[in-house]
Chemist: 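Following this message is one structure expressed as structure tokens.
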There are 2 protein chains.
Amino acid sequence: MTSALENPALLSLAAGFTDNGSLPAEEVRHGVANLTAQGADPEALQYGLNQGRLELRRMLGARLAAQEQGLDAETLSAQMLVTNGSQQALYLAIQVLCNPGDIVLVDRPSYFVFLEMLNGLGVRPVSLPTASDGALDLVALRPWLRRLRGSPDAARVKALYFVSYFSNPSGRSMSESEKIALGDSLRSEGWHLPVLEDAAYRELYYQAPWPARSVLALDAWDQFPRFYLSTLTKSFATGLKVGFGVCTDAGWRDRMLHVKGHHDFGTSNFAQAVVEHALRDGSFVRQLTRVRALYLKKMRALHETLLNEGLASLGWRWRAPSGGLYLWLEAPGGLDTGMDSAFCRACVEGGVLFVPGDLCFGDDAPRNFLRLSFGVLRVDDLREAGRRFVAVARRFR
Amino acid sequence: MTSALENPALLSLAAGFTDNGSLPAEEVRHGVANLTAQGADPEALQYGLNQGRLELRRMLGARLAAQEQGLDAETLSAQMLVTNGSQQALYLAIQVLCNPGDIVLVDRPSYFVFLEMLNGLGVRPVSLPTASDGALDLVALRPWLRRLRGSPDAARVKALYFVSYFSNPSGRSMSESEKIALGDSLRSEGWHLPVLEDAAYRELYYQAPWPARSVLALDAWDQFPRFYLSTLTKSFATGLKVGFGVCTDAGWRDRMLHVKGHHDFGTSNFAQAVVEHALRDGSFVRQLTRVRALYLKKMRALHETLLNEGLASLGWRWRAPSGGLYLWLEAPGGLDTGMDSAFCRACVEGGVLFVPGDLCFGDDAPRNFLRLSFGVLRVDDLREAGRRFVAVARRFR
């Protein structure tokens with residue numbers, strides 16, 4: 001297994017990295033040249049604010065307000081904190097809300113780095129009732145919330161988390177009605193819970209934005225403390241690692257800012273200035289346009305290879321997503337694709353890597369899901385990786 | 001007070017920022033142009049490693065090994081983690097060592113952002129016995145350590161922290177013999193304690209390096225788990241926020257890396273690549289040479305103004321440091337210079353700000369110390385700020 005992993009011809013559909021060839025090198029060079037031009041104020045190289053650059057927050061607030069009706073750009077920028085990727089926003093949120101032994105309600109499947117982080121903080125994820133296609137089970141939801149309310153666990157439940165646009169790992173997006181029903185159900189069952197909406201992939205739609213507003217704009221969520229978070233790193237350049245969150249609750253926000261002051265007293269002002277420049281001069285939007293088309297092409301290359309090689313006829317199920325970087329595959333029931341499974345080993349030996357799906361569940365993890373990333377590999381390699389994958393699947397039919 | 005703070009003519013000797021005019025704009029422009037050149041691998045814009053860039057760690061390891069005899073560059077780089085400024089290194093260290101209610105032994109005075117961070121984590125600082133000039137009281141130290149060992153607090157003491165080169169706030173450096181005596185005393189009194197040596201200002205000497213090796217190289221500290229930390233931000237550009245730490249203890253280091261994976265899974269790869277480039281092409285060293293001369297000039301401007309205006313004859317005491325960004329002043333006994341003191345208000349009204357020294361003590365804070373920063377203001381403004389300060393001091397004689 002170890003020697004197989006060292007095989008240089010191994011193709012990884014596991015890493016959640018982005019496309020190297022499309023990184024905005026020219027845009028960043030141009031931006032930095034302006035930021036450091038002779039005679040210009042070199043403030044981008046000086047300490048910035050703990051909360052994040054004012055102008056960056058203004059532009060992000062304006063961008064979000066333009067995406068959703070009923071939001072006020074200035075309020076959004078005042079409620080915003082800029083973070084070291086959206087990962088730090090997630091960490092800060094949970095660090096200030098939870099103690100070891102507490103519970104966070106999560107979607108199913110959910111973002112596995114978030115689940116690992118909960119584990120590191122001694123916090124237990126509990127999955128919302130979910131249908132097999134990944135949609136919330138809206139029939140089961142209310143009675144489930146009622147039972148939880150009456151259980152000894154109720155006092156330990158401190159937050160709700162979900163990925164709502166082109167999810168990592170499932171590629172799925174929540175419909176607006178599903179999101180409204182979730183808010184209504186929580187409220188009617190007496191759950192006044194802080195909510196984290198993770199919109200890290202929202203900008204990475206292929207052809208059209210996903211037509212669902214966020215918890216920031218939906219009346220059903222008005223009464224909840226909300227933290228909507230996203231990132232500029234997946235959409236622009238992962239090497240910059242600039243994320244952000246908008247928190248509607250002043251107390252929660254102030255506590256996160258207080259702890260951020262202790263973590264690092266502010267995300268790299270320079271990295272922030274680079275993305276701010278890209279937002280201002282339009283290169284951010286141009287880059288988005290490029291990568292949207294690119295990821296659609298890559299998704300299709302992998303998706304169509306799996307189809308053409310006959311994976312569906314082997315009993316596997318998946319859907320082509322309309323944004324994001326992932327295919328989420330369900331193997332035939334009974335086929336174990338977990339981390340230590342024979343299938344996983346056979347894939348490594350067959351020269352292709354994936355993320356076992358069992359990592360992506362807060363509890364009661366099924367063993368027959370897996371995530372394929374198409375962000376990193378070139379189209380030809382994606383096709384080859386797809387062929388290798390199906391060849392292994394055929395041996396395990 | 002509020003309106004006085006809004007006075008645009010207010011001169012701040014409080015902020016710990018660096019000199020804006022000397023920021024390495026041209027060097028960064030040049031570095032980024034290379035990193036993003038057409039045809040070059042744009043990997044600086046992609047995710048990096050949680051532990052930090054390999055080549056950056058190699059160069060930092062080599063640099064440190066060249067400063068201290070007996071260190072192995074490769075070992076240093078393997079034991080190194082790159083962080084969001086040295087602040088994150090401090091945070092990670094304490095987060096994994098301490099629980100609320102625990103104790104950290106600290107120097108006296110100590111870095112006030114570290115003390116605030118301890119407070120945020122519910123950890124209590126306890127000061128080492130220290131003479132009035134800031135040197136460790138080596139006579140009192142052993143019996144003190146022995147008493148602490150026998151006290152109910154003993155089991156709560158989880159670490160030792162000190163700033164050893166051109167300290168923030170005191171400007172003082174520890175001598176090698178003092179550092180050795182501290183290690184010997186701890187060992188002989190049975191304290192096998194993780195130690196954090198904060199060397200954030202080590203590179204900012206004015207004319208010659210401070211001739212004391214670190215805990216990494218001193219035999220007296222061999223048996224202790226050691227975390228030596230420093231930063232490239234004070235010495236190069238604060239806006240990049242790239243710090244690092246070398247941890248000799250594999251278990252401690254792995255726990256920090258594990259938590260860093262949850263915080264942000266890696267410091268901005270781009271910011272790291274920029275300082276790596278500056279180290280490689282020599283601009284880091286050229287920048288250091290420039291700012292060393294500059295800060296000496298600035299220090300002298302403020303120091304000599306205070307002298308010439310007669311502050312010493314008013315009973316104030318301080319020393320000109322040989323590196324760093326701070327003057328540490330002791331007011332005549334009985335004069336309260338604390339945050340809410342009449343003196344502090346009078347300075348704000350007189351158009352000059354400082355950091356009250358009472359923030360810089362872990363316990364039993366005296367009320368007659370304060371910190372003046374000369375990093376930010378230009379020489380003329382430093383002289384004016386010094387005159388304003390002495391004018392207020394004269395009224396409080």
Chemist: Any chance the side chains of A/Tyr111 and A/Tyr161 put a donor and an acceptor closer than 3.5 Å?
Modeler: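 On atom types as modelled, these side chains do not qualify, holding no pair under 3.5 Å.
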
Chemist: Do you know which of A/Asp19, A/Asn20, A/Leu35, A/Leu121 has the most heavy-atom pairs under 4.5 Å to chain B?
Modeler: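 Among the listed options, the one with the most contacts to chain B is A/Asn20.
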
Chemist: Considering only heavy atoms and a distance below 4.5 Å, find which of B/Glu26, B/Glu43, B/Glu116, B/Arg29 pairs most often with chain A.
Modeler: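 Ranked by contacts with chain A, first place is B/Arg29.
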
Chemist: With a 4.5 Å limit on heavy-atom distance, are the side chains of A/Asn84 and B/Asn84 in contact?
Modeler: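 Of all side-chain heavy-atom pairs linking B/Asn84 with A/Asn84, at least one is under 4.5 Å.
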
Chemist: Under 4.5 Å from any heavy atom of chain B, what part of A/Val242 do you find: side chain, backbone, both or neither?
Modeler: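 Nothing of A/Val242, per the 4.5 Å heavy-atom cut-off to chain B.
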
Chemist: When only pairs under 4.5 Å are counted, which of B/Leu23, B/Leu45, B/Asn269 shares the most heavy-atom pairs with chain A?
Modeler: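 Going by pairs under 4.5 Å, I would pick B/Leu45.
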
Chemist: Any idea which of A/His262, A/Met117, A/Gln87, A/His258 has the most non-hydrogen atom pairs under 4.5 angstrom with chain B?
Modeler: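 Counting heavy-atom pairs under 4.5 Å, the top option is A/His262.
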
Chemist: One pair to check against side chain to side chain donor-acceptor pair (under 3.5 Å): B/Asn99 and B/Arg156. What are the steps and the verdict?
Modeler: CA-CA 9 Å; B/Asn99 290 310; B/Arg156 306 301 316 239; over 6 Å; no

Chemist: What I want to find out is whether A/Asp264 reaches B/Lys241 closely enough, with some N-O distance under 4.0 Å, to be called a salt bridge.
Modeler: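 B/Lys241 and A/Asp264: not salt-bridged.
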
Chemist: With a 4.5 angstrom heavy-atom cut-off, which part of A/Lys260 approaches chain B: side chain, backbone, both or neither?
Modeler: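 The answer is neither part of A/Lys260.
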
Chemist: Heavy-atom pairs under 4.5 Å with chain A: which of B/Gln46, B/Glu27, B/His30, B/Gln38 has the most?
Modeler: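 Among the listed options, the one with the most contacts to chain A is B/Gln46.
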
Chemist: Can you name the closest pair of heavy atoms from B/Gln272 and B/Arg53 and give their distance?
Modeler: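 Taking every non-hydrogen atom into account, OE1-N, 2.8 Å.
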
Chemist: Nearest 0.5 Å, please: how far is OG1 in A/Thr238 from CZ in B/Phe270?
Modeler: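 B/Phe270 CZ to A/Thr238 OG1: 12.0 Å, rounded to 0.5 Å.
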
Chemist: May I ask you to say whether A/Arg57 pairs ionically with A/Glu276, meaning some side-chain N is under 4.0 Å from a carboxylate O?
Modeler: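 Between A/Glu276 and A/Arg57 there is no salt bridge, as every charged N stays at least 4.0 Å from the carboxylate O atoms.
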
Chemist: Just so I understand: if I count every heavy-atom pair under 4.5 Å between each of A/Gly239, A/Gly120, A/Ala25 and chain B, which residue has the most?
Modeler: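 It is A/Gly239.
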
Chemist: Assess the side chains of B/Asn168 and B/Arg371: does a donor N or O sit below 3.5 Å from an acceptor N or O?
Modeler: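 Side chains of B/Asn168 and B/Arg371: pair found under 3.5 Å.
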
Chemist: With ring pair (Phe, Tyr, Trp, His ring centres under 6.0 Å) as the test, pick out the partner of A/Tyr326 among A/Tyr201, A/Phe374, A/Phe166.
Modeler: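 It is A/Tyr201; the other options fail the test.
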
Chemist: Tell me, with the steps shown, if A/Asn34 and A/His277 meet side chain to side chain donor-acceptor pair (under 3.5 Å).
Modeler: CA-CA 9 Å; A/Asn34 278 344; A/His277 190 280; 3.0 Å; yes

Chemist: So what's closer than 4.5 Å to chain A heavy atoms on B/Ala44: side chain, backbone, both or neither?
Modeler: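 Only the backbone of B/Ala44 comes within 4.5 Å of chain A.
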
Chemist: In terms of heavy-atom pairs under 4.5 Å with chain B, which of A/Gly21, A/Ala237, A/Gly261, A/Ala273 leads?
Modeler: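 Ranked by heavy-atom pairs under 4.5 Å with chain B, first place is A/Ala237.
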
Chemist: Sort A/Thr233 into side chain, backbone, both or neither according to what part of it lies under 4.5 angstrom from a heavy atom of chain B.
Modeler: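 It is the side chain, since no backbone atom gets that close.
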
Chemist: With only heavy atoms counted, which part of A/Phe114 is less than 4.5 Å from chain B, the side chain, the backbone, both or neither?
Modeler: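 For A/Phe114, no heavy atom lies under 4.5 Å from chain B.
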
Chemist: Out of curiosity, A/Leu81 CG to A/Asn50 CG, how far, rounded to the nearest 0.5 Å?
Modeler: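 Nearest 0.5 Å value for the CG-CG distance: 8.5 Å.
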
Chemist: Are there residues of residues 88-98 of chain B whose heavy atoms fall under 4.5 Å of chain A's heavy atoms? If so, which?
Modeler: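 Result: B/Gln88, B/Tyr91, B/Gln95.
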
Chemist: With a 4.0 Å cut-off on N to O distance, would you call A/Glu203 and A/Lys234 a salt bridge?
Modeler: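 Here A/Glu203 does not pair with A/Lys234 in a salt bridge, since their nearest N and O are not under 4.0 Å apart.
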
